Amino acid sequence: MAIPFLDLPAMHAEVRGELDAAWRSVTASCGFIGGAAVERFESEWAAYCGTRHCVGVSDGTAALELALRALGIGAGDEVIVPANTFIATVEAVVATGASPVMVDVDPRTLLLTAEHVAAACTPRTAAVIPVHLFGQPVDMDAVCRVAARAGISVIEDAAQAHGATWKDRRAGGLADIGCFSFYPGKNLGAFGDAGAVVTNRRELAERIRVLANHGRDLNAGERHVRVGRNQRLDGLQAAILSAKLPRLEDWNRGRRRAAEAYGRLLAGLPAEMVRVAEGAVSSHHLAVVQVDGRDAVRRAMAERGIGTGIHYAIPCHRQPALADLPTVSLPVVERAAGRILSLPMFPHLDDARVARVVAALADALAPSARMLEPAG
């Protein structure tokens, strides 16, 4: 049997009754925009993340843009971002009128470091967006120290880090503001696009709530006090997320078991697993290795019925849409882009199927390994 890259049906089967009840509740109440379902999920997600406030929004990109705007970031400002992220991180900066400054990453974790932030700071720097890529938290203590010295804001892109922790504190609650996507394939996924912003600062939460609802005054619905957007969370998506949230910790434990099995079985193969830093507990949204001959390896695995992905094949600083930005050379990001391969990862991936994935990877790597052997 084939092994998919992600098995959403198995996750949904566990909560089928709760999902059906969520659908019936929202359709009966007609609370499609805002309402009790959104308020309930906002309260639950704030409690889960260990923050005082949560504002549900339309998607993860909106969460980032709203966070930047709430902090007053716009034209004339610079925002530091790692180049090996989904383009949404950079899009959000561009949407505010600010300038993204893309930087390189650590070669072992493929994450932004405090050293990269310090080197990129200028008098125009207003914020940094550390991305908890693949579900692995950045060293937020070090990044926040640099940011405090520079007087800049820190916005967590936790779109892949639902339930991940840095030194026992959950992602999203480690800085000024945290941003989440609940795209269907995430560890906690909606039935469409959805997102959230979490923070301990009441004034930021209130600004985001105003901006996401056409700039509408929180206390006088007919007054619009800011030029906002329609970036609200749908009631149905909120209800679906509330139905799934009680399973998130179990699902993350399943992912960790699969990641540990990969670590054991990949030993000795010419495939380098992306490292999880000491102090971090990853949500293991993705299981990423670096291999030579990646594209040929991926084709060979597909022939063996193994689903894989690439996150991401073209770094943001090489995307045509961002060609007007200053040209930079980022050797770690650029090398990794040609070598990273995301293996199957989902809560129900048992040891037997991990073993089949690794066996297929070993077979796929064998031709590449032979080509690399010295002659004679």
Side-chain angles (χ1 to χ4, degrees), residues 1-51 53-63 135 158-164 170-172 178-198 209 212-213 230-258 283-286 307 309 344-350 353:
M1 290 179 62
I3 298 177
F5 178 65
L6 175 64
D7 189 356
L8 286 178
M11 298 169 69
H12 293 159
E14 287 190 21
V15 289
R16 176 59 56 198
E18 293 91 333
L19 295 174
D20 290 346
W23 174 267
R24 289 194 300 270
S25 174
V26 173
T27 55
S29 69
C30 295
F32 300 115
I33 304 296
V38 171
E39 292 171 6
R40 174 188 172 191
F41 176 71
E42 288 176 338
S43 177
E44 292 170 342
W45 191 242
Y48 181 84
C49 293
T51 59
H53 308 283
C54 170
V55 182
V57 299
S58 57
D59 54 73
T61 311
Q160 298 182 2
H162 310 73
R170 284 213 170 107
C179 301
F180 288 91
S181 165
F182 301 113
Y183 181 80
K186 304 295 188 184
N187 291 35
L188 181 66
F191 278 6
D193 279 314
V197 180
V198 295
R209 202 173 291 283
N213 191 24
N230 180 2
Q231 296 174 311
R232 301 168 299 202
L233 176 62
D234 292 345
L236 177 60
Q237 303 302 347
I240 294 298
L241 293 168
S242 286
K244 289 184 171 186
L245 180 55
R247 300 295 301 155
L248 178 58
E249 284 297 289
D250 282 344
W251 287 341
N252 280 353
R253 279 191 285 271
R255 289 172 178 270
R256 281 195 290 275
R257 286 192 295 270
S283 65
H284 296 287
H285 175 60
L286 297 170
M345 174 54 75
F346 45 89
H348 303 85
L349 184 65
D350 56 29
R353 284 188 287 181

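Source: prediction; values computed, not measured. All values below were derived from every heavy atom in this structure, side-chain atoms included, with hydrogens, water molecules and symmetry-related copies excluded.
- Annotation for Asn252 and Gly163: closest pair ND2-CA, 3.9 Å, computed over non-hydrogen atoms.
- Atom NE2 of His348 sits about 9.0 Å away from atom CZ of Arg353, to the nearest 0.5 Å.
- The shortest non-hydrogen separation linking Glu14 to Glu18 is O-OE1, 4.1 Å.
- Of all heavy-atom pairs between Ala212 and Arg232, the closest is O-CG, 3.2 Å.
- Of all heavy-atom pairs between Phe191 and Pro184, the closest is C-CG, 4.4 Å.
- For the side chain to side chain donor-acceptor pair (under 3.5 Å) with Asn187, the lone residue among Lys244, His285, Gln160 that qualifies is His285.
- Rounding to the nearest 0.5 Å places CG of Leu241 at 5.5 Å from CZ of Phe182.
- Here the CG-CG distance, from Asn213 to Leu233, works out to 12.0 Å after rounding to the nearest 0.5 Å.
- To the nearest 0.5 Å, atoms CG (Asp59) and CD (Gln231) are separated by 7.0 Å.
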**Request:** For Glu42 and Arg209, run side-chain contact (heavy atoms from CB on, under 4.5 Å): C-alpha distance rounded to whole Å, both residues' side-chain angles, the deciding distance at 0.1 Å, then the answer.
**Result:** CA-CA 12 Å; Glu42 288 176 338; Arg209 202 173 291 283; 3.2 Å; yes

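- Between Phe180 and Trp45, the two ring planes are perpendicular [angle over 60°; tilted spans 30° to 60°].
- Across every non-hydrogen atom of Gln237 and Asp193, the tightest pair is CG-O, 3.9 Å.
- For the atom pair Arg16 CZ and Met11 CE, the distance stands at 12.5 Å (nearest 0.5 Å).
- Taking CD1 of Ile240 as the start and CG of Leu245 as the end, the distance is 13.0 Å to the nearest 0.5 Å.
- Heavy-atom neighbours of Tyr48 OH from other residues, nucleotides or ligands within 6.0 Å: above the threshold of 12.
- Between the side chain of His284 and the main chain of Arg253, no donor-acceptor pair closer than 3.5 Å is present.
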**Asked** Would Phe5 and Leu286 satisfy side-chain contact (heavy atoms from CB on, under 4.5 Å), going step by step from the backbone distance to the final call?
**Response** CA-CA 10 Å; Phe5 178 65; Leu286 297 170; 3.7 Å; yes

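- Of all heavy-atom pairs between Val26 and Gly235, the closest is CG2-O, 3.9 Å.
- Among residues at least two apart or in separate chains, there is no side chain to side chain donor-acceptor pair (under 3.5 Å) pair with a member in residues 20-32.
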